[in-house]
Amino acid sequence: MVYRLYAFNRRQTISAGDVKMKACVIGAGIGGLSTASLLLQNGWEVEIYEKEKIAGGRALSCKLNDYEDLLQRFEMKIIATNPDMQQICDMAKEYKIDLGFHLIGGGKRGACIKLLRQLNIKANFVGSRLGFIGDKIDYPILKAKDKAAMLPRILQLLFTRKSKIEEMKKLSMEEMIRKYGRGKLKLVLELFPRLITTVNDLSKISAGETFFAQRELLGGDPVVYPYGGLGNISKALAAYIKSKGGKIFFGKRIKRIIIEDGIAKGVEIEGELKEYDAIVSTLPVQHLFSIADEKEFPEEWVKYIRGLEGTGSILSYHALKNLDKNLLNKSFVFIERNVDFEGNDVVGMIDFKMNYETGVTPKGKFIVQSYAICTPHEAKNERKAIELAEIIEKNLQKLLPFKKHMEWSIHAAIWHLDGVAKTIDNEKPNVATPVKNLYLAGDSVASKGVGINCAADSARLVMEELF
Ligand SMILES: Cc1cc2nc3c(=O)[nH]c(=O)nc-3n(C[C@H](O)[C@H](O)[C@H](O)COP(=O)(O)OP(=O)(O)OC[C@H]3O[C@@H](n4cnc5c(N)ncnc54)[C@H](O)[C@@H]3O)c2cc1C
């Protein structure tokens with residue numbers, strides 16, 4: 001097919017004062033929806049193209065009937081179920097589930113909720129502190145007396161000068177623990193950096209990044225879950241976008257970003273060429289070259305992007321017909337020590353916020369959502385993945401005799417939990433790319449927080465580049 005590319009020179013000369021600038025956002029996940037919302041707020045015209053039929057990307061909610069198919073489309077797969085998936089679908093028609101375990105870190109201090117507030121979008125969340133599953137159950141992990149004992153050291157670390165934090169960025173958490181890790185502070189330093197990065201290997205986690213992230217979130221609930229399910233956030237953002245005149249095209253996969261002379265000029269969609277003043281890709285960044293010709297980028301940059309690693313995880317859902325009320329809406333973390341996984345220990349979380357009160361299960365029913373951190377490589381290894389599911393169930397058993405109350409369970413593996421792991425050896429890219437007018441957004445870029453917060457905060461960085 002021969003395209004008439006000469007038409008693509010027109011927009012180069014248009015400035016914001018003459019006519020509305022027009023952006024194409026590729027992907028309607030949290031990153032794309034957040035970026036589109038802020039662009040609209042800043043007076044741009046926005047068109048979003050989403051390959052799926054619904055918004056939300058890796059943070060969507062769905063019925064169980066659609067679950068298995070959607071998982072496969074987002075680099076996940078089911079590794080075990082009880083009973084088989086067809087039987088679960090038949091018995092659990094009224095349940096709504098997210099693509100996998102999802103809690104948002106930092107509550108009102110996190111980038112996602114801050115963005116919703118900035119856009120005046122109302123959303124309700126249930127939040128909690130974290131408990132610890134050790135020899136005994138400790139809820140919350142940090143009691144007033146622990147905080148008092150650790151306070152001087154914690155404050156010293158958290159409120160280190162910004163310049164010192166920059167220095168600390170190259171220092172690993174492993175070294176930090178060797179230096180400061182005593183008593184309960186050691187446990188805290190072993191747990192939180194892993195939860196913040198979804199990486200088990202403390203030698204790869206930057207102490208500076210961790211303390212900087214933790215300082216940003218101080219004062220918020222450690223973890224929150226949205227009423228109505230995670231997909232409600234995307235729904236609310238999509239409704240905002242439509243109310244501001246933005247367009248979202250579902251079931252439309254961008255085939256190619258058109259780049260000429262180092263400038264991104266438009267996109268190819270179903271054989272049609274469309275031109276834009278700015279193009280924002282929210283694909284996991286390693287997939288960028290599936291829609292943009294790598295020859296248009298400096299070789300070094302292509303090599304760097306291709307070499308970036310995401311994070312992996314094993315996720316479990318256990319649907320229960322009864323739950324001890326003391327557990328309702330709480331979250332717990334565990335650490336399984338000296339196991340054959342990268343980092344030697346496996347950290348995970350078990351959460352009780354998915355239930356009829358939060359509106360995702362039928363009356364009187366509960367879902368326990370859990371995850372265990374692993375590398376993408378470990379998530380793809382069936383034997384390792386099953387081992388992690390067993391670790392999750394072993395820790396769940398310490399909280400309650402779940403098998404007695406269980407109606408069904410699903411375990412899935414994901415090898416692209418976070419677009420790019422926030423680790424020392426894996427520096428996240430900036431939103432600006434070497435190609436003019438082409439930007440990156442979503443959880444792959446160097447914004448604040450991880451996962452959903454990182455994806456939401458990437459929108460702020462795109463605005464900083466554009467305005
Ligand atoms: C199972 C699971 C559990 C998680 N748990 C947590 C958690 O507890 N807390 C947390 O903060 N984060 C969690 N995360 C991470 C969080 O979900 C992601 O960081 C976040 O949703 C990423 O948003 P995004 O917009 O960057 O990317 P995505 O959600 O992947 O959005 C990209 C969108 O682009 C679309 N797309 C791709 N290619 C094309 C194309 N060619 N044309 C058009 N559209 C295209 C995709 O369909 C997708 O909708 C979890 C992720 C998973 C998968």
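Given the structure is predicted, the values throughout are model-derived calculations rather than measurements. One-based numbering, in listed order, for ligands and for the atoms of each. Heads up: numbering here begins at 1 and tracks the sequence.
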Practice task
Return yes or no for this condition: an N or O of P284 is under 3.5 Å from an N or O of ligand 1.
Solution key: no
Exercise for the section: State whether the shortest distance between N or O atoms of H416 and N or O atoms of ligand 1 falls below 3.5 angstrom. Expected result: no
Practice task
Please could you name the atoms of ligand 1 that A455 approaches to less than 4.0 Å, counting only its heavy atoms?
Solution key: 23 (O), 26 (O)
Practice task
Scan residues 366-388 for pairs that pass ring-ring contact (aromatic ring centres under 6.0 Å, His included), counting only residues two or more places apart or in two chains.
Solution key: F101-Y371, Y356-F366
Practice task
Ignoring angles and geometry beyond distance, decide whether I254 reaches within less than 3.5 Å of ligand 1 through its nitrogen or oxygen atoms.
Solution key: yes
Exercise for the section: Return yes or no for this condition: an N or O of I291 is under 3.5 Å from an N or O of ligand 1. Expected result: no
Exercise for the section: Compute the shortest N/O to N/O distance between R58 and ligand 1 and return yes if it is under 3.5 Å, no if not. Expected result: yes
Practice task
Compute the minimum heavy-atom distance from E75 to ligand 1 and say whether it is under 4.0 Å.
Solution key: no
Problem - Any pair counted as side-chain hydrogen bond (donor to acceptor under 3.5 Å, both in side chains), so long as it reaches residues 232-246, sequence neighbours left out - result: none
Exercise for the section: Consider every N or O of E50 and every N or O of ligand 1, then say whether any pair is closer than 3.5 Å. Expected result: yes
Practice task
Measure up the W408 and Y317 rings against each other and bin them: parallel (under 30°), tilted (30 to 60°), perpendicular (over 60°).
Solution key: perpendicular
Practice task
Ignoring angles and geometry beyond distance, decide whether D418 reaches within less than 3.5 Å of ligand 1 through its nitrogen or oxygen atoms.
Solution key: no
Handout entry: Close N or O approach (I452, ligand 1; < 3.5 Å)
Key = yes
Exercise for the section: Taking the six-membered ring of Y95 (Phe, Tyr or Trp), confirm whether the NZ or CZ of K365 is under 6.0 Å from its centre and within 45° of its axis. Expected result: no
Handout entry: Parallel, tilted or perpendicular: ring planes of W301 versus F297, cut at 30 and 60 degrees
Key = parallel
Exercise for the section: For ligand 1, find out whether one of its N or O atoms is nearer than 3.5 Å to an N or O atom of I104. Expected result: no
Practice task
May I ask you to check if ligand 1 and G31 share an N or O to N or O distance below 3.5 Å?
Solution key: yes
Problem - Pair E342 + K204: basic N to acidic O under 4.0 Å - result: yes
Problem - Atom NZ of K247: over 12 foreign heavy atoms under 6.0 Å - result: no
